[in-house]
Amino acid sequence: MSTALSHLEIPGLDNDSTFQELVLAHFRQRFGRMNSSTSTAIPAYHGFEKRVADVKAPKSDINALILDYLTMEGYPKAAAKFCKEANLQPQQPDASIQARQSIMHSIHSGDIETAISALNELDPELLDTNPELHFALLRLQLVELIRQCSGRDPTPAVEFATKNLGPRAAAHREFLPDLEQTMALIIFPHDKLRPELAALLSSDLRRNTAAKVNEAVLARQNQRREAAIRQLVRMRAWAETSARSDKMDLPETLDFGLNAEGTESRTDSGHEPMIMT
Amino acid sequence: MARVQSPPGLAQIQAAGTYSEQAVALRTLRDEIIGHVQRKEEYVQHGILDVLVEILQNSTRSPKRSSGKEPSQAGQPTALSEDDVVRLLALQLLASFANGGSAFLAPLHAAGVVPAIIPAISPNDNPSQVVLAALRMLSSMTASARLAQDADKTTSHLADVLFSTRSLEALCAILSQDSPDFGIQEQKRLVAGLISRLCKTTKDQNALAESGVLDALATILASFAVARGEVIPGAEVLGRADGLVDFIPRPAPPGADLASVLDALSTIVVHSRFRSYLLLQSPSILAVFPWAEFTAPAPETRAAWIALETHGLRPIRPRGPGAMDFLLPAIPILPPKARLGDFPPLGASPSREAFAANSNLSSFRFTGVEQSRGEVDDEEDSEEPESPLIPWLIHLVRTTDDLERVMAASLVASLFKAGFASPDREQYLAMLVIPVLYRLLSENDKEVPTPIQRAATVDSETTLRWTIMERTPEVLARLVGESGTLQKAASECGVIKLVAKLLKDSYAPHPVQLPPKLWSANPDRSNGETKELPPSRQLGLPGRVPAYAHKIQMRESALKLVAAMATLNHGHRDALIEADVAAYVVESLAPCPGKPKSSKDKSASEKGTGTDKDQPPYGLNPKTVIIAACHATRTLARGPSIVRTTLQDHGFAMPVYQLLKHPDPDVQIAASSAVINLVSNLSPMVKTLLDAGIMQTLCEHAHSLNPGLRLNALWALKHLVADLGNDLRKKCLEELEPGWLVQLISDDRSEEESRARARAEHRRTDADDDEDMESEGAYDGDSDWQRDWTWPGLNIGGPGRAVSPRLQQVSAKLTTLRDAEVNPTRRARNDSLAIQEQGLGFIRNLLLLPSNGELPDMVDHLFTEVGQDRLFAILADKLKVRVVNAFGRRATTSGSTRGRDVNNSNNNNTTLVLYPQARIVENLTYILVHIAASMPRHRQLVVAQTDLLKLLGAHLGSKDPGVRRALCQLFTNLTWLEDDGDKQPCAQRASELKRLGFLAKLEGMEQGDADLGVRERARAAIDQMKKPTLKDAQW
């Protein structure tokens, strides 16, 4: 566990190590005590939940986590406001978050050309050095083109594929199936598609591609690819599964606490929908 | 001619009247080409590069903005003016072309892109975005050059431009920017990356060190220590006393990259005491890591140290541990074992291999820097404590990740090798660093999946893994090469097995070397008229796929590690041979390797038939691999039994011989160094090599202008000649030309002449030594090295500042160290001394007893060829103390920097007193020993050289036991009674020797010499001289 935790860091904050230690101590304490308490037949649910309630994470840590999430996932305005409210230093310059967000937005709304152009403006080397990402974007663009000319003359789509995607697929075998699948969209009517083809037209493809782009941009900026909280959530899941498989005494269900109270991120910034993948 | 119409984007750019129109056109073009290699090709063929360069040049403004508008305050990008935008776009476009691959390098060069970019990297004249774009462009070119088929050309061109005085200023300015902005951090990262990839020659290393780039990087390194909270406690207080407190930097911002800084520093510092010291004494390093005794707050920690000390597992040091030591675990240090005296074979000149072993392959040099090192160290280390930077770097190796570990180890290896670590550190490195490096290697050693093997680009994770794989063996090799302790630690980790595997893997046939061609809808469009295009429109050769470049790089790194592991220990050499590395080493000697044959199937002797010229299945070995293979051969051949069995079986002789004739002098030098060991110790290869004509080749090389080659050739001849019969020896002497030999061993050229020679010669010392100082003419003319160099560290705080006394002290020592490395006269003299030593060794081995009865013949032959009197005169001359005028060189400091140079500190007109070197005296004495072993007539002749004997007598008190042993032997031989007819002359000889006062001296030595061998031999000589027969025969 300690290794998993030690990867978790929140740059820009000087209290990250204390935070780590805290989490570590928290988990250690939790599992350690449980071990000893299993033999005694005291109902452990109560003990566990009580201990949960006992742990008080410092507010500054929680704030840092929230800011990290907002920054990494690209909510510049919320991040800026939150910084002001919580009296924190911004993690990234506003412009860079904004640029990322607008690229995400373009992809979500299907305007790939604008997205590529903005991406080139933000980081002209990214697509040059990451052919997989470029292919993913171009294929998404092809999907959008096909969507636009659905039922009409598919020539623009075919031309686009010949010019942009064909050469790549020939050189990279692994691109070929994706391209073939996409081209199949031109042939079949869109209302009666096999599920794997239909998936191409669903908004999931846009969303996934957008997430890929976001990760790639962040990686190029020498940063973690994802918000720290995602790692925390995964770690929690891992801890829970391993605890259960070791027959630790846990309550039957452990809530994330997201559904019960309706968290802030869901409610207050409705115009920036939260995407959890 | 039916030209294809130029693409619309180009016309649009050219037609644009205003900056804003141009910007629009450039943006469109950018979106069109980024990620599209085919379109890039098309645009290049239509001349886009010239257009872009022109835009860049036209929009470059005069540095008017230098009035101090600080670029981008804390992440607030300055709004760009229109011309800046155009420039930014042009740079981004050029970078995109450079990213297109190695094929674009040729047209980029032809269009003159690099000189056009350089003005844009100066952060004082440009907004930070432009600087960033320019650096990215340079970085992309460097990255593409790595894959290019003629990589050297591009990198050396880039290095020349980038490490020129003007660009160095800009680099310094970039690195000194104090801003947490991400863009600035990336700039720093790119600069550090450029330095580590481009800086290849000593000239560049010195330029970087002296221009202040080293100090700027050191400051960044110190800022990491601050950010990690690992500044020495009390540094501020100490700093105030030293006047250094202002040099404590601010903590490194989150985006900063530690690995690249460490890498760049280690690139600059490597193989040089001067530059290492410069780093250690950089003001920020001094400020952050002052030396101070420290009492650990926790009693347990202290207890561990005390326990080790009381149990004798750790020497009680004059100073207590420093604060940094407490970041590392306490490690037991055993006192060094008492050295056992060794008895070299009497007759043969002991191979200097044991001596050369001091320098591992990468620092192998003959200029004698090492020779003086031991002596210098003793003095320095006692007066100066080790910098806490060293334990801190070891701490970094333990606490960081991946590449940072490797780079921290690399830097600490350089500092350790330069002799700035305390002797205990060897044990620390053995226990704390080597296992980490081994684990990094084995953990990252993974199969490369096929798609990646073919891909033209690889993802960043694979790149990182590959970089770790490529760098780690090289760092290990550097660390381990000279130290038995560290080699033992490495071998206990399992490095030998691992390196054999790495080498084997690097010879797995590679599916493709060139990236696949892109499919095109109208394929024959680009063909045709390319030949008539100007060079800036012609694409060059395509680059290799990264996986292939990685494989070749791994080959080189693994060979380096093989060489380093084989330097000292027979057991390790045998283990390497056991692991079957020989088959791979021998293939690596060939520019176009065949299938490596393991010891089992070597009977099947079909050579790798070069089926496909473009893509040989095992790749092509570049110069670097061949040189590394030569060094591996050399160190493996230190085991005589290995030479006789494995190397002979694998047929090392011919490939090495071929390399002696390689066009590149570096390769020749490396090959000749391998020959040295292949022909020694009655090697069976001698016959093959002689048949091939090695004697002629070596004699030719001995006439070379290149001192490195001359030295190695003479050295190899020395070994070769030892095993030959008289007729072949005579032939060899004839081939070498006795006159030339005389010239080599006599030093009668005036210093002035040798200085001129040093200037004129295109000097390359040893191959991958990278010490080819004057090659580019950097130190041509003495004005350059002689010019008053002042340490930039003195000026960092601004001119008006009072200079800290500490820094002034440091500055004096730096000047001394620098002089020792950079001064061409000195280097020429060292070269000449080394060559003289080998020349004398050659004569000594010429006379080495072949079979009795032939010796007098050989001695007579030597006398007739060289001239009896001339020979004795030269020998006598060698023994004289020489006083040399040092050309009004600025007096540096008093005290010696070289063991044999003593500066009489007359401020302006320094003279150097050169004492004869022990090795030269030893070789010279053995020549006389051999002559004296021949026949009474020759003995008589030697005794008649009264002056020579007197001079030799002075060396009876030599510090070197080898010299004393040789002299005792000489007296034994001189008083040897041949037969009854010799009684009278023998008695005369003995009395003559007594008359010169040798008997008394010998008796003193028999009683009181520290060396057992000397005592024994002195006794034998005394017995001989006092023999009753002789007494009777006296009148």
Side-chain angles (χ1 to χ4, degrees), chain A residues 3 6-7 9-14 16-17 89-96 113-135 137-138 158-159 161-176 216 219-225, chain B residues 27-28 30-40 72 74-77 88-89 91-93 95-100 133 136-137 139-140 143 180-183 185-186 189 227 229 251 253-257 401 450-451 454-461 463 515-522:
Chain A
T3 48
S6 64
H7 285 300
E9 47 188 27
I10 304 174
L13 295 172
D14 43 10
D16 56 347
S17 60
Q89 282 292 314
Q91 278 188 7
Q92 271 194 4
D94 191 41
S96 137
E113 211 176 332
T114 314
I116 290 182
S117 180
L119 206 51
N120 287 338
E121 179 77 39
L122 177 67
D123 184 350
E125 284 188 326
L126 179 64
L127 295 180
D128 258 340
T129 51
N130 195 339
E132 286 82 11
L133 189 70
H134 200 190
F135 180 82
L137 277 171
L138 289 172
V158 175
E159 252 174 27
T162 319
K163 252 173 75 185
N164 293 306
L165 289 154
R168 287 156 211 277
H172 298 259
R173 292 285 156 72
E174 60 275 24
F175 292 166
L176 207 53
R220 287 269 307 169
Q221 291 169 352
N222 204 20
Q223 292 190 352
R224 283 169 295 120
R225 288 150 185 247
Chain B
R27 269 207 190 90
T28 322
R30 186 181 65 188
D31 290 339
E32 206 173 330
I33 65 159
I34 284 185
H36 299 272
V37 177
Q38 285 168 331
R39 283 183 215 161
K40 288 182 191 173
S72 70
Q76 295 284 310
L88 181 64
L89 287 167
L91 285 168
Q92 287 177 347
L93 281 166
S96 177
F97 282 110
N99 277 327
R136 275 184 178 160
M137 158 72 202
S139 176
S140 305
D181 179 44
F182 280 99
Q185 297 311 321
E186 191 176 350
R189 193 169 69 236
D257 185 29
D401 287 319
T450 328
R454 303 168 172 278
T457 51
V458 288
D459 55 303
S460 56
E461 265 167 58
T463 314
K517 266 229 159 293
L518 294 184
W519 172 83
S520 163
N522 28 355

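A, B, ... follow the sequence lines: proteins, then strands. Residue 1 opens every chain. Computed from a prediction, not measured in an experiment: that's the story for all the values here.
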May I ask you to decide if A:Val158's main-chain N or O and A:Thr162's side chain share a donor-acceptor pair within less than 3.5 Å?
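Side chain of A:Thr162 to backbone of A:Val158, a donor-acceptor pair under 3.5 Å: yes, one is there.
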To check you understand the geometry: which heavy-atom pair defines the closest contact between B:Asn99 and A:Glu125, and what is its length?
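Closest pair (atom of B:Asn99, atom of A:Glu125, distance): ND2-CG, 3.7 Å.
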Taking every non-hydrogen atom, the tightest pair across B:Ala227 and B:Pro251:
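Smallest heavy-atom distance, with atoms named: CA-CB, 3.7 Å.
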Using non-hydrogen atoms and a 4.5 Å limit, figure out which bit of [X] sits close to chain B: side chain, backbone, both or neither.
X        : answer
A:Leu138 : side chain
A:Glu132 : neither
A:Asp128 : both

Using a 4.5 Å cut-off on heavy atoms from C-beta on, say whether the side chain of B:Arg30 contacts that of A:Glu121.
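In short, these two side chains touch, coming nearer than 4.5 Å.
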Quick check: do B:Ile33 and B:Phe97 have side-chain heavy atoms less than 4.5 Å from each other?
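They are in contact (side-chain heavy atoms under 4.5 Å apart), so the answer is yes.
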Under a 4.5 Å cutoff for heavy-atom pairs, which residue among [options] has the most contacts with chain A?
options                              : answer
B:Ser140, B:Ala95, B:Ser96, B:Gly100 : B:Ser96
B:Lys40, B:Arg136, B:Gln185, B:Gln92 : B:Arg136
B:Val458, B:Thr28, B:Leu93, B:Asp31  : B:Asp31

Using the ring of each side chain (for Trp, its six-membered ring), is A:His134 parallel, tilted or perpendicular to B:His36, with breaks at 30° and 60°?
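Taking B:His36 first and then A:His134, their aromatic rings stand perpendicular (interplane angle over 60°).
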Go through A:Asn164, A:Asn120, A:Leu127 and name the one with the most non-hydrogen pairs under 4.5 angstrom from chain B.
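If we count pairs closer than 4.5 Å to chain B, A:Asn120 comes out on top.
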